[in-house]
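First up is the structure itself, then whatever we jot down about it.
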There are 2 protein chains.
Amino acid sequence: MESSGHKDAVAEEPLGGTKARIAEAALETLKTRGFAGSSAREIARQGNFNQALVFYHFGTVQKLLLAALDLVSDRRMHAYQPAFERASSVSELAALAREIYFEDLDNGYVTVLGEMVAGGVSDPELGREVVARLEPWIELVERKVGTLLAGSLLGSIVPPRDLAFATIALYLGIDMLSHLDGDRARAESLLDLGVRAAPLLGALLPSGRAEKP
Amino acid sequence: MESSGHKDAVAEEPLGGTKARIAEAALETLKTRGFAGSSAREIARQGNFNQALVFYHFGTVQKLLLAALDLVSDRRMHAYQPAFERASSVSELAALAREIYFEDLDNGYVTVLGEMVAGGVSDPELGREVVARLEPWIELVERKVGTLLAGSLLGSIVPPRDLAFATIALYLGIDMLSHLDGDRARAESLLDLGVRAAPLLGALLPSGRAEKP
DNA sequence: GTCTATACTTGGATAGAC
DNA sequence: GTCTATCCAAGTATAGAC
């Protein structure tokens with residue numbers, strides 16, 4: 001058994017040294033060249049290391065790209081979860097969603113997710129892995145929506161699970177469309193609308209949890 | 001100038017004979033093998049014709065795939081537009097959306113759109129072409145939403161353009177997610193919710209256009 | 001318009017030296 | 001653990017015979 005080869009699939013040891021460098025290079029390549037452009041050779045060029053190292057450390061290119069996706073998914077989860085859990089009104093959530101979207105857009109995280117989803121569409125095996133990494137986000141939204149809707153009239157009609165799925169689907173769809181035509185104006189406009197409309201939606205919820213000062 | 005070569009880019013002559021056969025084969029390949037699996041060779045195998053014909057008739061594989069996308073986009077537009085224009089309440093629209101989604105799902109049209117969007121994400125040039133083919137759908141929804149919202153309280157807050165963009169984005173996002181994990185249960189559940197919730201939304205609109213018998 | 005043959009390119013992956 | 005060299009598969013696209 002080697003010490004950092006790809007066999008240790010038990011996962012989650014903080015990637016050290018070279019392995020981390022490779023994952024970072026893959027991340028950067030996904031951002032700049034897209035999924036289709038993220039070959040082992042291109043990633044190696046990007047990170048100035050030997051192409052063969054990809055296979056030594058990760059076994060396949062696919063596994064490397066998933067490791068890169070894990071990198072961003074974990075980072076984003078750590079960065080946003082606290083503020084998200086803290087938010088207690090629809091308005092705050094709308095504002096947060098808007099902030100997160102543009103922060104992700106600026107540092108390329110939206111790109112990476114979109115690229116990996118695109119890759120997953122054409123490869124069922126990869127697709128399952130990608131969707132598994134989306135699951136925690138759906139659950140996060142579901143929990144929050146659940147507490148917000150609890151006891152309200154809306155809550156008796158709208159299951160949190162559906163609303164959470166719709167939210168992530170919408171986020172992903174906006175990502176895809178903006179990505180396709182390189183135009184962020186429409187996404188901006190829509191997220192601004194969300195911020196404006198949120199207080200009205202909040203008014204339909206039990207006052208205890210509704211709009212705060 | 002040849003009679004049916006790919007040079008006549010002025011477009012829209014109804015594809016005849018072999019050219020049509022090739023486009024149909026591309027469509028079928030997109031459905032069964034996905035974007036990544038739709039190479040000139042694979043398409044030719046699917047349609048039992050020579051690989052070189054792809055390049056003679058369409059110039060590049062990309063152009064052929066776009067022609068296949070046009071095929072489904074046009075068919076769907078013709079099939080659904082009349083019923084869509086006729087619908088005059090939120091309830092009818094929700095029911096129609098649900099129907100369309102599952103019809104598309106069953107005959108593979110959702111797949112084709114999802115695959116081409118995925119392909120477009122990784123290739124900017126293709127992406128622009130794909131989004132251009134989505135535009136008519138956004139406009140269709142925008143017109144309908146515009147007439148429905150006109151004069152209502154909601155209409156003074158929600159611009160039709162934003163709502164149309166959100167609708168298509170949501171449709172695409174649901175498509176992508178369902179596609180990724182091969183699970184149609186969540187999409188079903190969400191579309192059912194839409195049908196249940198539609199009458200409530202309709203109640204917020206001017207009564208003249210609201211829920212009909 | 002259609003076929004065969006082939007040039008050329010890129011990419012995944014491995015063997016084996018160091 | 002890293003590098004060089006290489007194999008092999010698959011794909012785009014074109015030339016040229018028919």
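A, B, ... follow the sequence lines: proteins, then strands. Residue 1 opens every chain.
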Considering just the side-chain nitrogens and oxygens of A/Thr18, establish if one lies under 4.0 Å of OP1 or OP2 belonging to D/dT2.
yes
Side chain of B/Arg21, backbone of B/Gly47: donor and acceptor closer than 3.5 Å?
yes
Let me know the distance between CG of A/Leu65 and P of C/dG11, rounded to the nearest Å.
13 Å
Provide, to the nearest angstrom, the distance between the CD atom belonging to A/Glu42 and the P atom belonging to C/dT9.
17 Å
One thing to verify: whether A/Arg186 and B/Asp162 come together as a salt bridge, which I'm taking to mean a side-chain N less than 4.0 angstrom from a carboxylate O.
no
Nearest-Å distance, CZ (A/Arg41) to P (D/dT6)?
14 Å
Over 12 non-hydrogen atoms of neighbours within 6.0 angstrom of CZ in B/Arg33:
no
Contact class for B/Val61 vs. all strands (heavy atom < 4.0 Å): base, sugar-phosphate, or nothing?
sugar-phosphate
Just by distance, no angles: are the side chains of A/Tyr80 and A/Asp104 close enough, under 3.5 Å, to form a donor-acceptor pair?
yes
When you measure from every atom of DNA chain C, which of residues 43-52 of chain B have a heavy atom less than 4.0 Å away?
B/Asn50, B/Ala52
Which residues in residues 113-127 of chain A have at least one heavy atom lying under 4.0 Å from any atom of DNA chain D?
none
Taking C-beta and beyond as the side chain, do B/Phe49 and B/Thr18 meet within less than 4.5 Å on heavy atoms?
no
